[in-house]
Number of protein chains: 2
Amino acid sequence: MNKTFKIAVIEDDENLRFLLTHRLKAEGYDVIETSDGAAAETLINENQPDIVLLDWMLPGKQGSDICNDLRVNGFENMIIMMTAKAQDVDKIEAYNLGVSDYVTKPFNMDVLVAMLDNKVKFLSNSNTGSDIQRFGDMEHHPNTHSLIKNGKKIELTILENRILLYFLKNVNQVINRDDLMMVVWGYNSDVNTRTLDMHIVRLRKKIEDNPDGPKYLQTVRGIGYKFVVD
Amino acid sequence: MNKTFKIAVIEDDENLRFLLTHRLKAEGYDVIETSDGAAAETLINENQPDIVLLDWMLPGKQGSDICNDLRVNGFENMIIMMTAKAQDVDKIEAYNLGVSDYVTKPFNMDVLVAMLDNKVKFLSNSNTGSDIQRFGDMEHHPNTHSLIKNGKKIELTILENRILLYFLKNVNQVINRDDLMMVVWGYNSDVNTRTLDMHIVRLRKKIEDNPDGPKYLQTVRGIGYKFVVD
DNA sequence: TATAATCTTTAAAAACTTATTAAAGCCGAC
DNA sequence: GTCGGCTTTAATAAGTTTTTAAAGATTATA
């Protein structure tokens with residue numbers, strides 16, 4: 001999998017925001033959201049999303065103001081305006097404010113997704129964004145399926161990589177066996193529960209100094225596992 | 001002084017092409033144009049415009065074909081599709097073909113100009129000079145389809161050249177098999193996946209000292225390949 | 001402490017992915 | 001048309017990963 005892109009959804013219509021958020025998450029985007037125009041700027045400045053989906057008519061603060069403020073504050077990523085009023089003069093104003101694109105409501109969700117996927121493709125060349133995760137004395141490089149331990153590179157298989165990624169996303173939390181299997185094999189798989197153990201064993205051999213007394217990948221009997229860091 | 005941007009207008013409607021050309025010239029763009037779908041590709045490849053305004057329904061060659069061909073041949077600048085039929089499914093297809101944006105006819109010229117001015121603003125930073133790429137002890141000259149290794153010239157076939165170019169653009173990143181095939185053969189090609197292996201093998205024979213233990217062109221099992229430099 | 005439930009480990013089979021070879025197809029230059 | 005180089009495919013080999021089964025270990029608790 002490629003880098004995960006972050007999208008901010010700024011939309012006050014609960015229904016639409018829900019739809020957008022869920023669909024985009026399902027498409028593999030990292031989504032942050034707010035209905036509040038005033039809160040939007042903080043959210044965006046703090047999270048630096050790759051794309052902002054911005055409703056143009058918000059209660060409180062106007063989309064145009066938000067857009068302008070963001071640009072003034074040096075925000076350079078993509079801002080896509082969502083608007084119902086598609087008068088030409090508005091579009092020109094929006095472009096002048098630094099909007100990268102607009103979509104007119106109501107829009108087809110499939111088209112929006114195709115558009116975002118497309119924009120992101122052009123983005124991904126210029127991105128250096130590493131999502132290297134560090135834990136203990138190790139570095140996990142999910143893109144290359146590898147682990148650096150004491151300066152030594154250890155290759156991970158696809159499943160090991162996927163499992164470790166999930167653990168690292170949910171560090172210090174007890175992870176339910178079923179949830180984990182769900183993440184690794186998806187909805188209706190009929191893989192044996194023992195198979196998971198197998199992968200855990202192999203992962204432990206790769207990451208633990210003493211696989212018999214795991215320091216990181218601990219089992220929580222009756223529930224699942226817990227990835228302990230610090 | 002700012003750079004002058006070059007726009008190619010590919011449109012068979014004499015009237016509209018005239019309007020576009022004159023207005024864009026008046027706005028300070030460098031405009032090249034043709035009404036002929038078949039001639040469009042040559043025009044674009046030779047002039048490398050920053051933006052292509054492409055009518056989607058041309059006599060002779062379809063806009064979709066032109067777009068696909070351009071992308072496959074490594075054209076990376078902006079392609080804006082102009083279309084009267086704005087069915088959702090078409091938009092999705094267009095995005096998949098690598099269109100950067102679309103405008104629906106009839107469009108307001110002021111809006112188009114505002115849009116182009118805006119796009120150009122985001123463009124102005126990036127531009128490369130020579131396209132000779134060096135890696136390891138080699139030089140890749142994509143224009144002449146050749147490789148200099150230890151002072152010796154090695155000829156590359158068109159596909160080898162295209163593949164290597166893509167690898168060198170995405171050095172040290174894991175490249176998905178499908179993405180690579182997409183780049184090499186375009187959107188809906190039905191080339192066998194083994195065919196790619198074949199080309200990889202031959203490319204390795206040309207660039208690697210020891211093709212069996214590749215130093216540069218490494219495979220990432222389950223995903224694709226990675227071109228490793230340094 | 002015995003028993004049941006759960007987890008770990010091992011080894012081997014099954015499934016899958018990539019590499020290689022050889023042959024056929026395609027296309028342009030002559 | 002024929003030749004030669006490039007591309008594609010098919011078949012097969014080689015190498016890895018994933019899964020399963022079965023046995024062993026551990027833990028909880030009756």
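In the text below, chain A, chain B and the rest are named by the order of the sequence lines, each starting its count at 1.
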When you measure from the side chain of R221(B), which nucleotide among dT9(C), dT17(D), dT20(D) comes out closest?
dT17(D)

Return no unless some side-chain N or O of H199(A) is found under 4.0 Å from OP1 or OP2 of dT19(D).
yes

Residue that, paired with V31(A), satisfies side-chain contact (heavy atoms from CB on, under 4.5 Å) out of H22(A), K25(A), R23(A)
K25(A)

K119(A) with D50(A): basic N within carboxylate O range, under 4.0 Å
no

Presence of W185(B) side-chain N/O under 4.0 Å of dT8(D) phosphate oxygens OP1/OP2
yes

Nucleotide nearest V191(A) when distance is taken to its side chain, options dA10(D), dT19(D), dT8(D)
dT19(D)

Using a 4.0 Å heavy-atom cut-off across all strands, classify D212(B) as base, sugar-phosphate, or nothing.
sugar-phosphate

Can you see if the side chain of T157(A) gets near the phosphate of dT16(D) - specifically, an N or O under 4.0 Å from OP1 or OP2?
no

Using residues 150-157 of chain A as the side-chain source, report each donor-acceptor pair under 3.5 Å to any protein atom, sequence neighbours left out, with the distance given to one decimal.
{"residue": "T157(A)", "atom": "OG1", "partner": "E160(A)", "partner atom": "N", "Å": "3.3"}

Under 3.5 Å, is there a donor-acceptor pair between the side chain of R204(B) and the main chain of P211(B)?
no

Regarding the side chain of Y225(B), the nearest nucleotide among dT20(C), dA19(C), dG15(D) is dA19(C)

Strictly below 4.0 Å, heavy-atom distances to any atom of DNA chain D: list the hits from residues 200-211 of chain A, or just say none.
R202(A)

Side chain of T219(B), heavy atoms from C-beta onward: which of dT20(C), dT20(D), dT18(C) has the nearest atom to it?
dT18(C)

Pairing donors with acceptors under 3.5 angstrom, does anything connect the side chains of N170(B) and Y225(B)?
no

Could you check whether any side-chain N or O of N68(B) sits under 3.5 Å from a backbone N or O of L97(B), counting only pairs where one atom can act as donor and the other as acceptor?
no

Selection from dT18(D), dT18(C), dA22(C) that lies nearest to any side-chain heavy atom of M198(B)
dA22(C)

